Amino acid sequence: MKLLTYKTADTEPRLGFIHNNQVIDMEDFGDISNFPLPNDMLDLIDLGFEIIEEITEMISETPENFFEEISYEMEEVTLLAPIEKPRKNIIGIGLNYTEHVAESARTLDTTGKLPQKPIIFSKPPTTVTATNTNIIKNTKLTSQLDWEVELAVVVGKKGKYVSNADAIDYVFGYTVINDISARDCRREGQWIVSKGQDTFAPMGPYLVTKDEIENPHNLNLSLKVNGVEKQNSNTQFLLFNINDLIEDLSIVFTLEPGDIIATGTPSGVGAGRDPQEWMYDGDIVEATVEGIGTIVNTIKEI
């Protein structure tokens with residue numbers, strides 16, 4: 001199921017899902033089904049993945065004409081980030097594709113050695129923005145704005161000391177994140193100033209539930225700047241895959257429903273190019289993950 005957070009000219013943010021290329025309001029669908037459903041993505045996730053199975057069954061049993069009064073055409077809605085306000089920082093994973101390790105060593109203060117354990121950082125909830133919004137480049141802070149397309153994992157249930165074999169059971173679904181990075185804002189090797197500025201985590205366009213993704217470790221991901229492809233790879237090349245990450249992270253801290261794990265970016269970032277490339281006012285960046293969709297953002301200098 002493709003879930004989304006959306007608004008119209010007449011509504012506050014609402015939860016919906018895609019059905020027959022239309023947006024169906026989740027709460028309204030619950031009303032016509034006599035099955036109360038939430039109007040917020042985090043509230044839905046809190047109900048557990050089983051709720052998706054129930055909703056899917058209800059959809060299959062609902063006559064098509066019942067959807068008419070609770071549906072919108074795609075052009076009638078504005079897509080928001082699937083989880084507009086995460087409860088906690090987004091969990092970022094650094095240097096998680098082998099070729100990205102190599103390119104980072106050429107131009108950034110990294111060693112070039114393959115990490116023996118996942119490199120963990122975080123991005124505050126205020127980094128989140130939606131597709132078709134501006135990424136703010138604060139020119140007082142950075143002149144080196146960079147891109148990083150990533151598959152993001154949304155956790156579906158509480159987990160501590162999760163085994164590798166059971167890790168996927170803790171996944172609710174997947175989305176796309178562009179891990180925007182200000183390369184000249186790293187401080188003594190720490191990354192949060194580089195990666196934690198407002199709007200530095202464009203996310204969306206949908207949250208796709210895990211039953212829709214046959215194999216999350218075989219998804220193409222790519223990125224374009226002004227229509228020119230800069231990154232193109234596949235999640236099969238993750239150094240630490242989703243199972244590895246959930247196992248490791250759950251040893252460090254308790255994972256909770258709604259937690260977001262950005263799994264890392266492949267090679268092709270601006271900092272790794274010769275000469276280096278950065279994003280400037282008016283540039284348009286498109287990040288795509290197979291089976292989920294594309295997020296499009298415009299750079300806005302202030």
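Treat the numbers as computed from the prediction; the structure is a model and nothing was measured.
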Query - side chain to side chain donor-acceptor pair (under 3.5 Å) evaluation trace for N20 with E64 - result: CA-CA 10 Å; N20 289 340; E64 284 302 315; 2.9 Å; yes
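Under the 4.5 Å side-chain criterion, counting only non-hydrogen atoms from C-beta, I24 is not in contact with I18. Taking 4.5 Å as the limit, some side-chain heavy atom of Y97 sits within range of a side-chain heavy atom of L221. The shortest distance between side-chain heavy atoms of I59 and T62 does not fall below 4.5 Å. By the 4.5 Å heavy-atom criterion applied to side chains, N132 and L79 are not counted as neighbours. The closest side-chain heavy-atom distance from K158 to T254 is below 4.5 Å.
D25 and Y6 share a side-chain donor-acceptor pair at under 3.5 Å. No side-chain N or O of T129 forms a donor-acceptor pair with one of T199 less than 3.5 Å apart. In the model, D211 has a side-chain atom that pairs as donor or acceptor with a side-chain atom of T209 under 3.5 Å. Donor-acceptor pairing under 3.5 Å is recorded for the side chains of D184 and T142. Between the side chains of E229 and N232, at least one donor N or O lies within less than 3.5 Å of an accepting N or O.
Remark: F66 pairs with no residue by the ring-ring contact (aromatic ring centres under 6.0 Å, His included) rule, at least two apart or across chains. Among residues two or more places apart in sequence or in another chain, the ring-ring contact (aromatic ring centres under 6.0 Å, His included) test is passed with F29 by F17, F67.
Within 6.0 Å of CD on E73 lie more than 12 heavy atoms contributed by other residues, nucleotides or ligands. Heavy atoms of other residues, nucleotides or ligands lying less than 6.0 angstrom from CG of N65 number more than 12. No more than 12 heavy atoms of other residues, nucleotides or ligands lie within 6.0 Å of CD in E69, so this atom counts as exposed by the packing criterion. No more than 12 heavy atoms of other residues, nucleotides or ligands sit less than 6.0 Å from atom CD of Q116. Counting heavy-atom neighbours within 6.0 Å of K210 NZ, excluding the residue itself, gives a total above 12. In this structure, K85 places its NZ atom where only 12 or fewer heavy-atom neighbours from other residues, nucleotides or ligands lie under 6.0 Å away. Crowding of E61 atom CD: a count of heavy atoms from other residues, nucleotides or ligands under 6.0 Å exceeding 12. Counting heavy atoms of neighbouring residues, nucleotides and ligands inside a 6.0 Å radius, atom CD of Q190 does not exceed 12 of them.
Here the side chain of Q276 pairs a donor or acceptor atom with the backbone of A271 at under 3.5 angstrom. D179 contributes no side-chain N or O that, together with a main-chain N or O of E148, makes up a donor-acceptor pair within less than 3.5 Å. Side chain of D198 to backbone of T127: no donor-acceptor contact under 3.5 angstrom is found. Side-chain N or O atoms of R273 include one that pairs as donor or acceptor with a backbone N or O of K230 at under 3.5 Å. A distance-only check finds a donor-acceptor pair linking the side chain of Q231 to the backbone of V149 [under 3.5 Å]. Side-chain N or O atoms of E290 include one that pairs as donor or acceptor with a backbone N or O of N220 at under 3.5 Å. The backbone N or O of K195 sits nowhere less than 3.5 Å from a side-chain atom of Q197 that would complete a donor-acceptor pair. No donor-acceptor distance shorter than 3.5 angstrom exists from the side chain of N297 to the backbone of V285, with no hydrogens or angles considered.
Cation-pi contact between K157 and Y170: present, with separation from the ring centre below 6.0 Å and deviation from the ring axis of at most 45°.
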